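What follows is a set of notes on a single structure, which appears directly below.
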Amino acid sequence: MSKSITYRIFLIGLLAISQISGKSQTEKVTINPYIQNITIGEQIRVDLHVNASTDEHIIWPAFSDTITDKIDIVEVKKIDTLYSDSIQKTGILGYSQQIIVSSFDSGLWAFPEVIFWIDSLQYTTDAFLIEVNTVEVDTSKAFKDIVQPIEIPFTFFEYIKMYYTYGLLLYAILVVLAIIAYFLGKDANKGLSFKPEITIPPHVIALNRLEQLESEKLWQSGAYKAFHIQVSDITREYIENRFHIPVLESTTDEINHLLRQTRMDKKLRTEIIASLRISDLAKFAKAIPLPEENEECIATAYKLVEVTKIDESQSNVTNE
């Protein structure tokens with residue numbers, strides 16, 4: 001018997017024991033994965049339910065970035081109240097919460113029990129298995145050439161990004177020549193006065209690019225990859241210019257680690273990483289995000305800029 005088969009039998013056995021021991025608790029807390037067999041990188045919606053009244057004190061589990069080292073958390077939604085009359089909102093039946101998870105490693109992975117505390121008593125959900133498969137390859141068919149990337153025209157801001165080094169060098173040369181000409185032509189009896197260079201704040205650049213991206217309506221016309229390439233680049237460029245950390249060439253996990261070293265709010269950081277991971281799936285896994293996911297990505301980028309921008313009144317630019 002191979003090691004992989006033995007490992008699967010071991011996991012299934014553990015889950016069976018967990019379900020038998022926790023059967024009496026499932027009436028109080030339950031968990032419901034919508035699917036348990038996915039392709040690598042695909043997302044799973046998992047629902048948590050607690051049957052409790054307003055008189056009971058509930059401590060919900062605190063989720064981080066991962067469930068296990070093989071299962072990542074993409075998003076944790078807010079806790080909703082379940083009513084017997086949803087219109088009048090009377091008769092509380094319990095509470096629910098949705099979490100979105102994914103995995104980028106193929107194999108059979110265990111989603112462990114989730115622990116709740118209700119009136120100082122511990123309740124646990126059932127564990128379950130998630131099977132993550134790679135993309136199947138039909139070896140009976142002839143190999144086809146790799147589809148070449150679709151060329152998308154560069155935007156005005158992308159040209160600026162590509163050639164800004166040469167532009168700055170040319171600008172510096174012109175400034176030096178202008179200063180030399182000023183000194184050569186000025187009256188020796190007059191004092192020297194000039195206006196220093198005024199740089200554009202990072203938040204102004206980011207907001208202009210986001211407004212331009214919205215006006216192009218890329219994802220609405222089916223250009224999901226182009227849309228997520230731009231929203232990811234705008235987010236990364238703003239983070240690098242605002243917090244002075246190298247994220248333009250970093251992976252999403254590396255960015256998550258770097259942002260933890262800043263004073264950024266944890267909830268905002270979690271939303272940014274979730275947005276970048278959705279863009280990664282669209283860029284590299286050819287995933288097609290949902291419309292609300294596209295809107296959330298650009299909304300998160302706007303929120304990042306608005307919350308962390310530096311007040312222009314604090315600028316050090318002065319005129320003499």
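Scope of the values below: all heavy atoms of this structure, side chains included, with no hydrogens, waters or symmetry mates. Keep in mind that what you see is a predicted model, and the values were worked out from it rather than measured.
To the nearest 0.5 Å, atoms OH (Tyr83) and CG (Leu93) are separated by 10.5 Å. Note: Ile59 CD1 to Ile115 CD1 = 12.0 Å, rounded to the nearest 0.5 Å. In this structure, OG in Ser102 is found 11.5 Å from CD1 in Ile73, a value given to the nearest 0.5 Å. Within the model, atoms CD1 of Ile272 and CD1 of Ile255 stand 9.5 Å from one another, a figure rounded to the nearest 0.5 Å. Atom CD of Glu75 is separated from atom CD of Glu271 by 8.5 Å, given to the nearest 0.5 angstrom. Rounding to the nearest 0.5 angstrom, the gap separating the NE2 atom in His49 from the CD atom in Gln97 is 11.0 Å.
The minimum heavy-atom distance linking Leu268 with Met264 is given by the pair CD2-CG, 4.0 Å. Scanning both residues, Val247 and Glu240, for their nearest heavy atoms gives N-OE1, 3.1 Å. For the pair Ile234 and Ala206, the tightest heavy-atom approach, listed with the atom from each and the gap, is CG2-O, 4.0 Å. Looking at every heavy atom in both residues, Gln122 comes nearest to Trp117 through OE1-CZ2, 3.2 Å. Among all heavy-atom pairs drawn from Ser232 and Ser279, the shortest one is CB-CB, 4.1 Å. The minimum heavy-atom distance linking Trp60 with Leu48 is given by the pair CZ3-CB, 4.3 Å.
Taking the side chain as every heavy atom from C-beta outward, Gln43 and Leu281 approach each other to under 4.5 Å. Side-chain contact between Asn133 and Asn37 is present, with heavy atoms from C-beta onward closer than 4.5 Å. You'll find the side chain of Leu258 stays beyond 4.5 Å of the side chain of Ile239, heavy atoms only. Side-chain contact between Asn32 and Tyr34: present, with at least one pair of heavy atoms (C-beta onward) separated by less than 4.5 Å. The side-chain heavy atoms of Val307 and Asp265, taken from C-beta on, include no pair separated by under 4.5 Å. Within the 4.5 Å cutoff, the side chain of Ile310 has no heavy atoms near those of the Pro201 side chain. Contact of the Trp109 side chain with the Ser103 side chain is registered, since non-hydrogen atoms from C-beta on lie closer than 4.5 Å. At least one side-chain heavy atom of Leu259 sits less than 4.5 Å from a side-chain heavy atom of Ile245.
Enclosure of atom CD in Gln261 by more than 12 non-hydrogen atoms of other residues, nucleotides or ligands within 6.0 angstrom is indicated. Within a 6.0 Å sphere centred on CZ of Arg263, other residues, nucleotides and ligands contribute 12 heavy atoms or fewer. The environment of Ile35 atom CD1 is dense: over 12 non-hydrogen atoms of other residues, nucleotides or ligands sit within 6.0 angstrom.
Ring centers of Phe116 and Tyr123: at least 6.0 Å apart, outside the cut-off.
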Practice item. Please test Ile58 against Val50 for side-chain contact (heavy atoms from CB on, under 4.5 Å), starting from the C-alpha separation and ending with a verdict. Key: CA-CA 9 Å; Ile58 306 170; Val50 177; 3.9 Å; yes
Practice item. Mind running side-chain contact (heavy atoms from CB on, under 4.5 Å) on Asp119 and Asp55 for me, showing each step along the way? Key: CA-CA 9 Å; Asp119 286 344; Asp55 298 330; over 6 Å; no
Point to revise | Test side-chain contact (heavy atoms from CB on, under 4.5 Å) applied to Leu207 and Tyr302, step by step | key: CA-CA 7 Å; Leu207 290 174; Tyr302 271 114; 3.7 Å; yes
Review point. How far apart are the C-alpha atoms of Ile31 and Phe128, what are their side-chain angles, what is the distance that settles it, and do they pass the side-chain contact (heavy atoms from CB on, under 4.5 Å) test?
Key: CA-CA 9 Å; Ile31 189 168; Phe128 60 89; 3.7 Å; yes
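Criterion: ILVMFWY side-chain heavy atoms under 4.5 Å apart, direct or through other members. Under it, Ile229 and Leu218 are not part of a common hydrophobic cluster. At a threshold of 4.5 Å between side-chain heavy atoms, the hydrophobic network of Ile, Leu, Val, Met, Phe, Trp and Tyr places Val46 and Ile278 in two separate groups. Cluster annotation: Val74 and Ile298 are assigned to distinct hydrophobic clusters (Ile/Leu/Val/Met/Phe/Trp/Tyr, side-chain heavy-atom contacts under 4.5 Å, transitive). Under the 4.5 Å side-chain heavy-atom criterion for Ile, Leu, Val, Met, Phe, Trp and Tyr, Phe227 and Ile288 are members of the same hydrophobic cluster. The hydrophobic cluster containing Ile205 does not contain Leu210, counting ILVMFWY residues as joined when their side-chain heavy atoms lie under 4.5 angstrom apart, directly or transitively.
Without hydrogens or angle criteria, Glu113 side chain to Thr124 main chain gives no donor-acceptor distance under 3.5 Å. Side-chain atoms of Asn256 never come within 3.5 Å of backbone atoms of Thr252 as a donor-acceptor pair (strictly under, hydrogens ignored). Checking side-chain atoms of Lys28 against main-chain N and O of Asn51 turns up a donor-acceptor pair under 3.5 Å. For Thr39 (side chain) and Glu42 (main-chain N/O), no donor-acceptor pair under 3.5 Å exists by modelled atom type. Within the 3.5 Å criterion, the main-chain N or O of Asn208 finds no donor-acceptor partner in the side chain of Glu211. For Thr66 (side chain) and Asp69 (main-chain N/O), no donor-acceptor pair under 3.5 Å exists by modelled atom type. Looking at Thr125, its side chain does come within 3.5 Å of a backbone N or O of Val114 through a donor-acceptor pair. A donor-acceptor distance shorter than 3.5 angstrom exists from the side chain of Arg236 to the backbone of Ser250, with no hydrogens or angles considered.
Under 4.0 Å is where a charged nitrogen must lie from a carboxylate oxygen, and between Asp65 and Arg277 no such pair does.
Of the candidates Gln230, Glu214, Glu237, Arg209 forms a side chain to side chain donor-acceptor pair (under 3.5 Å) with just one, namely Glu237.
A donor-acceptor pair shorter than 3.5 Å cannot be found between the side chains of Asp280 and His228.
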